[in-house]
Every structure is written in C-alpha cells, then in structure tokens.
Amino acid sequence: MASREKWRNKYSEWFSWLISTAEIYDYGRYPVQGMGVWMPYGFKIRKYILDIIREKLDSRGHEEILLPLLIPEDLLRRESEHIKGFEAEVYWVTHGGDTPLGVKLALRPTSETSLSYMESLWIKSYKQLPKKYYQVVSIFRYETKATRAMIRLREVTTFKEAHTLHADYEDTERQVLEAIEIYKEIYDDLGIPYIISKRPDWDKFAGALYTIAFDTVMPDGRVLQIGTVHNLGQSFTKAFEVKIQLEDGSLDYAWQTSYGISDRIVATLLSVHGDDRGAVLPPNVAPIQVVVVPIPVAGGIGEDLRSYVDKVVALLKSRGFRVHVDDREDVRPGAKYYEWELRGVPVRLEIGGREVEESTVTVARRDTLEKTMVKLEELVDHLEEVFEDIRRNLKEKAWRFLEENVFRTTSLEEARKAIAEKRGIVELPWCGSDECGLKMEELIDAKCLGSPLERPSWVRGVRCPVCGGGAVTSMRLAKTY
Ligand code: A5A
Ligand code: ZN
C-alpha cells in the first residue's frame with residue numbers, strides 16, 4: 001500500500017517504463033502517432049486475455065465474424081447521430097494509387113453501420129433472432145485528446161465489438177444485462193475491479209438510446225473507461241432498413257445492442273496488479289506461469305543439476321503448466337530474478353545443489369515475494385494452490401484499492417476537495433437533471449461518469465446539492481483519462 005501511494009504520482013512514467021523494459025509494447029517510436037507495436041511477450045498476454053473474452057462470448061451463443069475494414073462514406077453517414085459523433089475522428093481513404101475514388105472510404109471507427117447494412121440482407125424474420133455477432137479487429141479513430149499507449153490509440157488493435165439483433169425492445173434489455181454479466185466475468189477472471197454506471201445522456205455512444213460503462217480507478221487515481229454496453233434501439237435498423245417479419249405477421253424494424261472492449265483491458269491488467277518491480281500477472285494470462293532458474297553449483301550447471309531440472313520441467317509440462325527454463329550461463333541468478341519479476345511471471349522455481357540432494361524445489365511467489373521449500377512429489381498440488389491464492393490475492397488487493405478510492409458525500413465543497421486532493425471517484429446525490437449534472441462537472445472540476453443501475457438507498461430523503469430538489473439517484477464524478 002505504501003508503495004502504491006508512492007507511485008501515485010509517477011504512474012504514467014512507471015507504465016511507460018514497464019511496457020518498454022519488459023518488452024510488452026513499443027509505443028511512441030513507430031512514426032505514426034497513436035499507433036503502437038505489440039511485442040512477442042505482450043502479444044501473448046493479449047492473446048490469453050482474448051482467449052478468455054472469446055470463450056465467454058462463444059459460450060453464450062455469440063458467433064465470430066469478420067467485416068471489411070473499409071466503409072463507404074454513404075453507409076457511414078446513413079445514421080445521422082452516429083456520424084455526428086464520429087465525423088471528426090474518421091480517417092478517409094480517397095485514392096487507389098493515383099486514381100481518386102468515386103466514393104470515399106472510411107477506415108472503420110466501429111462497425112455498427114457496415115454490419116447493419118449486411119443484416120438488412122441476412123435477417124428477414126423474428127425466427128432468426130436473437131442474433132449475436134462479434135469481431136476482434138483494428139479500428140481507427142483520429143483521437144484529438146492526447147494519445148497514450150494502449151489507452152488512447154488512433155489504431156485500436158484489440159477492438160472486440162459485439163453486435164446483437166432482436167425482435168423487440170424487451171429482448172435488447174435482456175441482452176444488455178447478459179453483456180454486463182459477461183463483462184463482469186471477464187474482468188473478474190483478470191482480477192480487474194470495476195464500477196458500473198449508466199452514462200449521462202450527453203455522454204452516451206453516438207446513436208445509442210443509452211450507454212452502460214465499466215470504469216476502473218488507475219493507480220494515479222484517474223478513472224479509465226474499460227468497456228461499454230450500448231442499447232442501440234432501432235436507430236441503425238431504421239437507417240439501414242433492417243425490417244423483420246414478427247410473430248403476428250407484421251413487419252417492423254429490428255432492435256440492436258453493441259458492446260466493446262479494447263487494448264485498455266491489457267493496460268488495466270498491468271496497472272492494477274503491478275508494483276515497483278514490474279508486472280504481476282494472474283496465472284491464467286501469464287505467458288510463462290513458472291520460470292525455472294537453476295543455481296549453478298561451483299560455477300556451472302552440472303549433470304546432476306541439469307537432469308533434475310529436466311525432470312521437474314517434464315513433470316510440470318505434463319500437467320499443463322507453461323514453463324520456461326532460464327539456463328543462460330552468462331547471466332547471474334540475481335539478474336534473472338529481476339528480469340522475470342519485471343515480466344510478472346507468477347512463480348519462480350530455484351533449483352540448486354541442496355534441492356537436488358533433498359529432492360525439493362524452492363518456490364518464489366511474484367505477488368508476495370515469499371519463498372517456500374517444497375518436496376518434488378508435492379510440487380504440482382502446491383503450485384495449483386499457489387496459483388489460486390495469487391489469483392485471489394491480486395483480485396482482493398485491486399478491489400480494496402478501488403473501494404478506498406470511492407468517496408460519498410452530500411457536499412459539493414467536500415467533493416471538490418476530494419477530487420483535487422486524492423482524485424478517485426466522488427458520489428453525490430442527484431436530482432436527475434442534465435443541468436445539475438453539468439453544473440456538478442463545472443463546480444467540482446471533474447467529469448460525470450453517470451449513475452448506478454439501481455437507485456442507491458443512501459440518497460433517500462437527501463437533496464441534490466445543486467438545485468436542492470429531491471435526489472432520485474447519485475452521480476459519480478472523477479478525473480478521467
Ligand atoms: N461499437 C461500440 C461497442 C463502441 O465503439 N463503443 S465505444 O466507442 O464505447 O468503444 C468501446 C470501448 O473501447 C470503450 O469503452 C473504450 O474502453 C475503448 N476505446 C474507445 N476508444 C479508444 C481508443 N481510442 N483507444 C483505446 N481504447 C478505446
Ligand atoms: Zn438538481
């Protein structure tokens with residue numbers, strides 16, 4: 001905790017240091033702003049996260065598809081609210097070689113328009129519904145706010161966008177709840193804590209009826225939106241003539257939802273669990289779960305040591321662990337420890353003369369840095385327990401940090417002070433009017449995240465601090481990314 005407080009003010013620096021030194025992501029050097037490079041180790045972390053995301057979606061009837069990167073201008077413009085929201089952020093392809101294109105083509109900023117166009121051809125009847133599609137692709141947004149590694153990219157390379165289609169509004173409401181459940185499970189599996197808010201009307205996704213967002217508090221106290229779920233109503237199906245035959249034979253426009261997660265999930269995973277030594281990865285997404293470091297006896301890795309190490313590694317591999325042996329002869333064990341700690345490997349096994357003799361291994365945990373001697377025949381069970389314990393420990397620590405950073409008050413002045421001094425999230429009673437919400441932003445100098453999905457009991461009988469009217473819910477505000 002002490003160390004968390006310490007790097008509150010140097011978190012940005014820490015994050016840049018981590019992703020470059022641990023060779024996760026090369027950012028700021030590729031000569032296009034807002035575009036980074038996934039390096040092999042980072043790519044693997046990203047892949048294991050995506051495996052979880054895909055598994056959660058697939059197991060609930062989502063089907064993966066792949067839409068074209070280019071969207072013709074007329075398609076992108078067809079839903080008027082949508083294009084208003086994205087107009088300023090679109091990259092346009094205007095030429096093929098030297099030839100000007102007859103129709104400008106957008107690099108997709110998201111795929112509601114291109115998919116709705118195809119759905120108008122594919123979907124004709126309520127019998128085909130609900131339909132749940134998703135894709136994992138690059139999207140392009142010419143972000144005007146300061147770009148940032150993984151967090152505010154101009155090429156978002158890990159954009160998981162899900163798009164669903166329904167026969168009526170009730171079914172979209174059910175789908176929104178399912179999406180929230182899926183996202184909770186994904187973040188829970190990664191030990192990432194979140195707060196779920198219904199975004200205020202002025203901050204919803206362009207074209208949506210409403211937006212539900214997952215936010216988390218980063219180590220510097222600023223809030224990051226890590227995922228969103230949108231009820232799109234019939235905006236796009238009307239614009240694209242996605243008409244379906246209903247059960248009673250009548251024709252109506254279908255209903256839609258969409259929900260997205262991006263590279264931000266990787267940034268968050270690294271940030272909420274990391275420490276002064278570097279990354280601390282939960283075992284389920286660690287590219288290397290166990291690193292074995294042989295401790296040279298009398299200056300070298302002799303025959304006995306090598307064959308014992310081979311035996312340990314074979315055992316762990318046969319039980320499905322992702323194991324790496326660091327037997328570099330020209331690097332000292334201490335330097336190896338430093339390197340694998342930086343990369344967040346959950347468990348290190350140290351094996352030297354004593355371990356060979358006693359048929360044991362020394363197990364060092366990355367999260368607590370504790371070391372334990374374990375008998376070889378107990379190693380597999382021990383590691384399974386340690387993995388479970390690391391998972392629980394990381395998750396609990398991260399949730400504690402989030403909870404410590406949510407501050408509830410009825411006073412605008414206290415809210416303003418809390419944000420100025422500690423950042424984090426403040427919760428104020430709110431009458432529900434846009435006007436008062438916007439006024440809070442101004443008075444507190446923070447951004448509205450929105451309200452809890454259910455009316456919180458603490459606002460009962462409490463007044464909106466801006467207008468003095470009765471509070472119907474609470475408003476959350478924070479300094480955001
Ligand atoms: N089609 C819907 C799902 C959509 O585009 N929603 S969204 O605009 O809210 O984006 C989904 C998520 O992507 C956001 O919640 C945010 O976490 C992330 N995101 C948006 N813009 C980003 C950017 N420039 N860089 C990194 N992540 C971004
Ligand atoms: Zn009010």
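One-based numbering, in listed order, for ligands and for the atoms of each.
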Check your understanding: Does D263 have a heavy atom less than 4.0 Å from any atom of ligand 1?
Key -> no
Revision key, fill the gap. d(W92 CH2, L101 CG) to nearest 0.5 Å is 11.5 Å
Exercise for review: Could you tell me which residues satisfy side-chain hydrogen bond (donor to acceptor under 3.5 Å, both in side chains) with E81, sequence neighbours excluded, listed by chain and number?
Suggested key: K84
Check your understanding: What's the spacing between L412 CG and C464 SG if we round to 0.5 Å?
Key -> 8.0 Å
Exercise for review: Just jot down the ligand 1 atoms closer than 4.0 angstrom to any heavy atom of M150, in number order.
Suggested key: 26 (C)
Review point. Side chain or backbone of T228 under 4.0 Å from ligand 1, or both, or neither, by non-hydrogen atoms?
Key: both
Check your understanding: Atom CG of L165 and atom OH of Y133: how far apart are they, to the nearest 0.5 Å?
Key -> 7.5 Å
Exercise for review: Calculate, to the nearest 0.5 Å, the distance between atoms NE2 and OH belonging to H163 and Y134 respectively.
Suggested key: 12.5 Å
Point to revise | Atom indices of ligand 1, in the order listed, that fall short of 4.0 Å to a heavy atom of S258 | key: 1 (N), 2 (C), 3 (C)
Exercise for review: For the Zn ion (ligand 2), check which protein N, O or S atoms are under 2.8 Å away and list them.
Suggested key: C431 SG, C436 SG, C464 SG, C467 SG
Revision key, fill the gap. Rounded to the nearest 0.5 Å, the SG atom of C467 sits from the CH2 atom of W430 at a distance of 11.0 Å
Study note, to complete from the structure: Min over E89, E161, E112 of heavy-atom distance to atom 1 (N) of ligand 1 lands on E112
Point to revise | For atom 27 (N) of ligand 1, the option (of S262, A179, A267) bearing the nearest heavy atom | key: S262
Point to revise | Atom CD of E170: over 12 foreign heavy atoms under 6.0 Å | key: yes
Check your understanding: Side chains of S138 and E155: is there a donor and an acceptor less than 3.5 Å apart?
Key -> yes
Review point. Do any N or O atoms from the side chain of R78 and from the backbone of T113 form a donor-acceptor pair under 3.5 angstrom?
Key: no
Check your understanding: Could an N or O of ligand 1 be found under 3.5 Å from any N or O of F205, whether backbone or side chain?
Key -> no
Check your understanding: Under the 6.0 Å and 45° cation-pi test, does R322 pair with Y48?
Key -> yes
Check your understanding: Which ligand 1 atoms are under 4.0 Å away from a heavy-atom of Y259?
Key -> 3 (C)
Check your understanding: Just distances here: any N/O of H163 and N/O of ligand 1 closer than 3.5 Å?
Key -> no
Review point. To the nearest 0.1 Å, how far is atom 26 (C) of ligand 1 from its closest protein heavy atom, and which atom is that?
Key: I151 O, 3.2 Å
Check your understanding: To the nearest 0.1 Å, how far is atom 14 (C) of ligand 1 from its closest protein heavy atom, and which atom is that?
Key -> Q225 NE2, 3.2 Å
Point to revise | Test item: side-chain donor near acceptor, S114 and R108, under 3.5 Å | key: no
Study note, to complete from the structure: atom 25 (N) of ligand 1 has as its nearest protein heavy atom L153 N, 3.0 Å
Review point. For atom 10 (O) of ligand 1, what is the nearest protein heavy atom, given as residue, atom name and distance?
Key: F159 CE1, 3.7 Å
Check your understanding: Quick one: does ligand 1 sit under 4.0 Å from the side chain of I226, the backbone, both or neither, non-hydrogen atoms only?
Key -> backbone
**Study point:** atom 8 (O) of ligand 1 - nearest protein heavy atom and its distance
**Key:** R141 NH1, 3.0 Å
Practice item. Note the single closest protein heavy atom to atom 6 (N) of ligand 1, along with its residue, its atom name and the distance in Å. Key: H230 NE2, 3.0 Å
Practice item. Assess the pair Y11 and W17: is the distance between their ring centroids shorter than 6.0 Å? Key: no
Check your understanding: Quick one: does R154 get a heavy atom under 4.0 Å from ligand 1?
Key -> no
Check your understanding: Could a heavy atom of F214 be found less than 4.0 Å from some atom of ligand 1?
Key -> no
Check your understanding: Any idea which of R148, R264, K145, K160 brings a heavy atom closest to atom 22 (C) of ligand 1?
Key -> R264
Study note, to complete from the structure: Here the pair of heavy atoms bringing E143 nearest to R154 is O-NH2, 2.8 Å
Exercise for review: Quickly, which of E178, E64, E63 forms a salt bridge (Lys or Arg N to Asp or Glu O under 4.0 Å) with K132? Name it, please.
Suggested key: E178
Review point. Rounded to the nearest 0.5 Å, how far apart are CG of L153 and OG of S262?
Key: 7.0 Å
